[in-house]
Protein chains: 2
Amino acid sequence: MIRAGKSIRATPRTAAKAGKREAILDSALDVFSRYGYRGATLDQIASGAGMSKPNLLYYFSGKEEIHRTLLTRQLDAWLAPLKAIDPNGDPVAEITLYVRRKLEMARDYPRESRLFANEIIQGAPVIGEFLGGELKQLVDEAARILAGWSESGKIAPVNGRHLIFSIWAATQHYADFEVQIRLVLGSDGIGFDDAAEHLEFLFRRMLEPG
Amino acid sequence: MIRAGKSIRATPRTAAKAGKREAILDSALDVFSRYGYRGATLDQIASGAGMSKPNLLYYFSGKEEIHRTLLTRQLDAWLAPLKAIDPNGDPVAEITLYVRRKLEMARDYPRESRLFANEIIQGAPVIGEFLGGELKQLVDEAARILAGWSESGKIAPVNGRHLIFSIWAATQHYADFEVQIRLVLGSDGIGFDDAAEHLEFLFRRMLEPG
DNA sequence: AATAAATTTGACCAAAAGGTCAACAGCAAG
DNA sequence: CTTGCTGTTGACCTTTTGGTCAAATTTATT
């Protein structure tokens, strides 16, 4: 028999290798999302991934590659909810669904949210091109849909772009400022159900025509 | 004549000294707000303040003191708008005024906003006590006022704490994510007038009773 | 078992960073 | 002018940090 396993599926070796890369990326997400690019150290990332620094550098060429990998591979997931807005759906339902999806992302992927927050606060050196390109086009398109709904009286007259900003802000806030919210609420959890209810009420009331 | 100038007002010397401290803090605000505590370097701060690092350390005992000074001396200013909410004023007017004040702070003090954002994302190691203490009490008090207005039907039934979070999020977003907004809008400015109009509309519609 | 390939790490290096110190410059009072 | 205090910095020290490398260890393959 001639090297069956190799070409048909990943060998245990390559599977393990991919697993190690994932472990590194997971640890790096912890560190970068908290301390930002400059504030993160390879030793900290390696330690979190349970390996030595040279070993980490066997899987990635350097600090920058890890950071870039984390940011770029999350971009599509970040756009998905915006792309999912259906121009033919019920306007208020589409928008409140978008809000809910974004809030769920803040709840389920808070570290990714903070990674982006750090990147943008720092001036978006890595994803700046993406923000001014692909993201801008998507927002333009969404704003056009919103304007259409607005003009046909299906929703209140709103500034589409600023509405999108408000949705981003209100939802991501629960991830980026998680610590503050915990401390201000004085409870262990964040109360995502309360937040969801509140945000749905907020944006529904805003959008209802008339 | 015996040492008239000294006790009556600051001498030129001490005035100059205070000026240098301000120059350092201003430069430090640039650097800390962008790169976070760990990512900031004393050389960068000193260079931005137009002096050498040892000279900087003549005015401050170290990196931490500069950072702590920046954070703590901004706390009062940060609370002022929340304190200014008048329980006896017109509810919707009071809240929209609060929104406007917060947005003006984001416009006029974006670096301070980003400094706080960095501090909180990083886990609030410096101002954590303040957030769970003084700020929590103020939010509790404001939430009580909102609940009162809500129960007496002067505004729609809202979750006071989450409403406050939404206002913080929506306004500070224009400071913290300034770069992203610029890139997505594709213009040089942020359109604070549009933002103000949008936010006033958003929160007014939400709050109107009935 | 022997060999080869992949993986792991201790030791090391150069640069960066926080901080110290002795010496030097500026300046006001006697 | 000189004395003394304030302000300033070049040189230096120590630790941290990103990254390299050769040697060692583990894991397949024959």
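Just so it is clear, the values below take in all heavy atoms, side chains as well, and ignore hydrogens, waters and symmetry mates. Nothing here was measured: the structure is a model prediction, and the numbers come from that model. Just so we're on the same page: letters track the sequence lines, and every chain starts at 1.
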Looking only at atom types and distance, does a side-chain atom of E119(B) sit under 3.5 Å from a main-chain N or O of L115(B), one as donor and one as acceptor? no
Of the options dT8(D), dC21(D), dG18(C), whose atoms approach the side-chain atoms of L42(B) most closely? dG18(C)
Establish, with yes or no, whether the OP1 or OP2 oxygen of dT7(C) is under 4.0 angstrom from a side-chain nitrogen or oxygen of Y58(A). yes
Distance test, side-chain N/O of Y59(A) to OP1/OP2 of dT8(C), below 4.0 Å: yes
What N/O pairs connect the protein and nucleotides 23-25 of chain D at under 3.5 Å? Give each pair on its own line.
none

Using ring-ring contact (aromatic ring centres under 6.0 Å, His included) as the criterion, list what pairs up with Y35(A), not counting sequence neighbours. none
Test item: K63(A) side-chain N/O and Y37(A) main-chain N/O as donor-acceptor pair under 3.5 Å: yes
Contacts table for residues 98-106 of chain B: side-chain donor-acceptor under 3.5 angstrom, sequence neighbours left out:
{"residue": "Y98(B)", "atom": "OH", "partner": "W168(B)", "partner atom": "NE1", "Å": "2.8"}

Using a cut-off of 4.0 Å on non-hydrogen atoms, how would the nucleic acid contact of A46(A) be classed: base, sugar-phosphate, or nothing? nothing
Could you tell me whether a side-chain N or O of S27(B) sits under 3.5 Å from a main-chain N or O of A23(B), the two making a donor and an acceptor? no
What residue pairs, at least two apart or across chains, pass side chain to side chain donor-acceptor pair (under 3.5 Å) with a residue in residues 106-118 of chain B? D26(B)-R111(B), D30(B)-R111(B), S113(B)-D176(B), R114(B)-E178(B)
Inspect the contact between D194(B) and R161(A) and indicate whether a charged nitrogen and a carboxylate oxygen are less than 4.0 angstrom apart. no
Tabulate atom names and distances for all N/O pairs under 3.5 angstrom spanning the protein and nucleotides 12-16 of chain D.
none

Looking at residues at least two apart in the chain, or sitting in another chain, which of them share a side chain to side chain contact (heavy atoms under 4.5 Å, CB included) with E141(B)? R144(B), I145(B)
Does N55(A) have a side-chain nitrogen or oxygen under 4.0 Å from the phosphate oxygens OP1 or OP2 of dT9(C)? yes
Which listed nucleotide (dG19(C), dT9(D), dT7(C)) is nearest to the side chain of K63(B)? dG19(C)
